[in-house]
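Labels below follow one simple rule: chain letters A, B, ... track the order of the sequence lines, proteins then strands, and each chain is numbered from 1. Worth saying up front: this structure is predicted, and the values here are computed from it rather than measured.
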Amino acid sequence: MLDLPDDAVAAAKVILGQLLVREINDYKLMGKIVETEAYDQKDAASHSYRGQTPRTDVMFGPPGRAYVYFTYGMHYCMNIVIGKPGYGSAVLIRAIEPLKGIEQMKKKRGTDNIHQLTNGPAKLCQALSINKEFNGHDLSKLPLNLQLGQKIPPSQIFKTTRIGISKDTHRLWRFYIKDNLFVSKP
DNA sequence: GGAACGATTGAT
DNA sequence: TCAATCGTTCCT
């Protein structure tokens with residue numbers, strides 16, 4: 001497992017460039033994380049803002065687990081839990097660059113356009129078959145594993161406001177790799 | 001028990 | 001620009 005900072009904003013930058021590996025039966029899918037967002041319990045846009053609830057339980061647990069939630073009645077999104085137990089913060093994975101298992105991802109997504117496979121938080125969950133079963137899963141192990149990739153130099157990291165939120169919209173807590181073609185909204 | 005809303009996506 | 005679609009949370 002990677003050594004991640006306790007602070008979600010710092011972690012969101014470190015997580016860029018790392019690898020997400022999904023093993024399904026006899027094959028593996030892999031992608032490089034190219035876009036993240038930070039969420040913290042002091043931040044009104046975060047699910048953890050209103051305290052620990054059945055849904056957000058995992059966010060307040062040990063770091064390095066997956067926090068997977070269901071939204072809009074049809075989509076899953078995946079986070080990496082950050083910080084010490086008892087503190088509710090996480091990093092949302094918004095986009096990955098497909099590296100292995102691209103044909104299987106195309107099948108799962110129902111498109112042949114490689115740029116449409118994983119350029120959004122719910123899209124990448126569909127491409128990697130990540131669902132509620134992975135909520136609380138320890139990401140140091142397969143079948144869903146966060147592995148060491150490359151460190152992205154600060155000069156290559158862009159930051160903007162987060163996407164799709166209605167509160168605390170001013171925070172520049174969205175990060176992505178400059179010029180990467182698999183980011184959701186460059 | 002009821003209602004509003006959502007860390008999205010894809011079609012129009 | 002807008003509908004799809006349902007679990008979570010909060011209110012009565």
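Within the nucleic acid shown, A/K185 has no heavy atom closer than 4.0 Å to any nucleic acid atom. Using a 4.0 Å heavy-atom criterion, one finds that A/R162 contacts no nucleic acid atom at all. Within 4.0 Å of A/I165, counting heavy atoms only, lie sugar-phosphate atoms of the nucleic acid but no base atom. If you check every strand for non-hydrogen atoms under 4.0 Å, A/R174 touches nothing.
Nearer the 5' end of DNA chain B, as judged by each residue's closest nucleotide, is the contact made by A/K167, out of A/K167 and A/R109.
The minimum heavy-atom distance between A/C77 and A/A122, with the atom names listed, is SG-N, 4.2 Å. For the residue pair A/N145 and A/L142, the shortest heavy atom distance occurs at CB-CD2, 3.8 Å. When all heavy atoms of A/V81 and A/M59 are compared, the pair lying nearest together is CG1-O, 3.7 Å. Closest approach of A/S184 to A/R174, counting heavy atoms only: OG-NH2, 3.8 Å. What you find for A/S155 and A/K178 is that their closest heavy atoms are O-CD, 4.3 Å. Across A/K185 and A/E35, no two heavy atoms sit closer than the pair N-OE1, 4.2 Å.
Qualifying ring-ring contact (aromatic ring centres under 6.0 Å, His included) partners for A/F175, counting only residues two or more places apart in sequence or in other chains: none.
Under the 4.5 Å side-chain criterion, counting only non-hydrogen atoms from C-beta, A/T161 is not in contact with A/R171. Contact annotation: the side chain of A/T160 never approaches that of A/W173 to less than 4.5 Å [non-hydrogen atoms, C-beta and beyond]. Counting only heavy atoms from C-beta outward, the side chains of A/I157 and A/L16 approach each other to under 4.5 Å. Annotation: side chain of A/K106 is not in contact with side chain of A/P98 (no heavy-atom distance under 4.5 Å). Under the 4.5 Å side-chain criterion, counting only non-hydrogen atoms from C-beta, A/K100 is not in contact with A/L19.
Within a heavy-atom distance below 4.0 Å of DNA chain B, the residues of residues 115-128 of chain A found are A/G120, A/P121, A/A122, A/K123. Contacts between residues 71-79 of chain A and DNA chain C, defined by a heavy-atom separation below 4.0 Å, involve A/Y72, A/G73, A/M74, listed by number. Only A/R50, A/T53, listed by number, bring a heavy atom of residues 35-53 of chain A to less than 4.0 angstrom from any atom of DNA chain C. A heavy atom closer than 4.0 Å to some atom of DNA chain B occurs in no member of residues 99-106 of chain A.
No salt bridge links A/R162 with A/E37; every basic N to acidic carboxylate O contact stays at or beyond 4.0 Å.
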inquiry  = The test is side-chain hydrogen bond (donor to acceptor under 3.5 Å, both in side chains); show your working for A/Q116 and A/T111 and say whether it passes.
reply    = CA-CA 7 Å; A/Q116 289 295 318; A/T111 176; over 6 Å; no

inquiry  = Wobble G-U and Watson-Crick pairs count when both distances are under 3.5 Å; given that, what is the 5' to 3' dot-bracket string of DNA chain C, with | for pairing to other strands?
reply    = ||||.||||||.

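First and last contacts of DNA chain C with chain A, using any nucleotide atom under 4.0 Å from a protein heavy atom and ordered 5' to 3', fall at C/dA4 to C/dC10. Here the range on DNA chain B touched by chain A, meaning any atom under 4.0 Å from one of its heavy atoms, is B/dG6 to B/dG10.
Screening residues 107-132 of chain A for ring-ring contact (aromatic ring centres under 6.0 Å, His included), with sequence neighbours left out, gives A/H115-A/F182. For residues 5-20 of chain A, the pairs satisfying side chain to side chain donor-acceptor pair (under 3.5 Å) are A/D6-A/K84, with sequence neighbours left out.
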Side-chain donor-acceptor pairs under 3.5 Å in residues 85-92 of chain A, sequence neighbours left out?
from: A/Y87; atom 1: OH; to: A/D40; atom 2: OD1; distance (Å): 2.8
from: A/Y87; atom 1: OH; to: A/D40; atom 2: OD2; distance (Å): 3.2
from: A/Y87; atom 1: OH; to: A/K42; atom 2: NZ; distance (Å): 2.6
from: A/S89; atom 1: OG; to: A/I82; atom 2: O; distance (Å): 2.9

Name each donor-acceptor pair under 3.5 Å that joins a side chain in residues 127-135 of chain A to protein atoms two or more places apart or in another chain, with its distance.
from: A/S129; atom 1: OG; to: A/K108; atom 2: NZ; distance (Å): 3.0
from: A/N131; atom 1: OD1; to: A/E133; atom 2: N; distance (Å): 2.9
from: A/N135; atom 1: OD1; to: A/V68; atom 2: N; distance (Å): 3.0

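Within a 6.0 Å radius of CZ in A/F70, other residues, nucleotides and ligands contribute more than 12 heavy atoms.
Note: A/Y67 and A/H47 have perpendicular aromatic rings, judged against thresholds of 30 and 60 degrees for the angle between ring planes.
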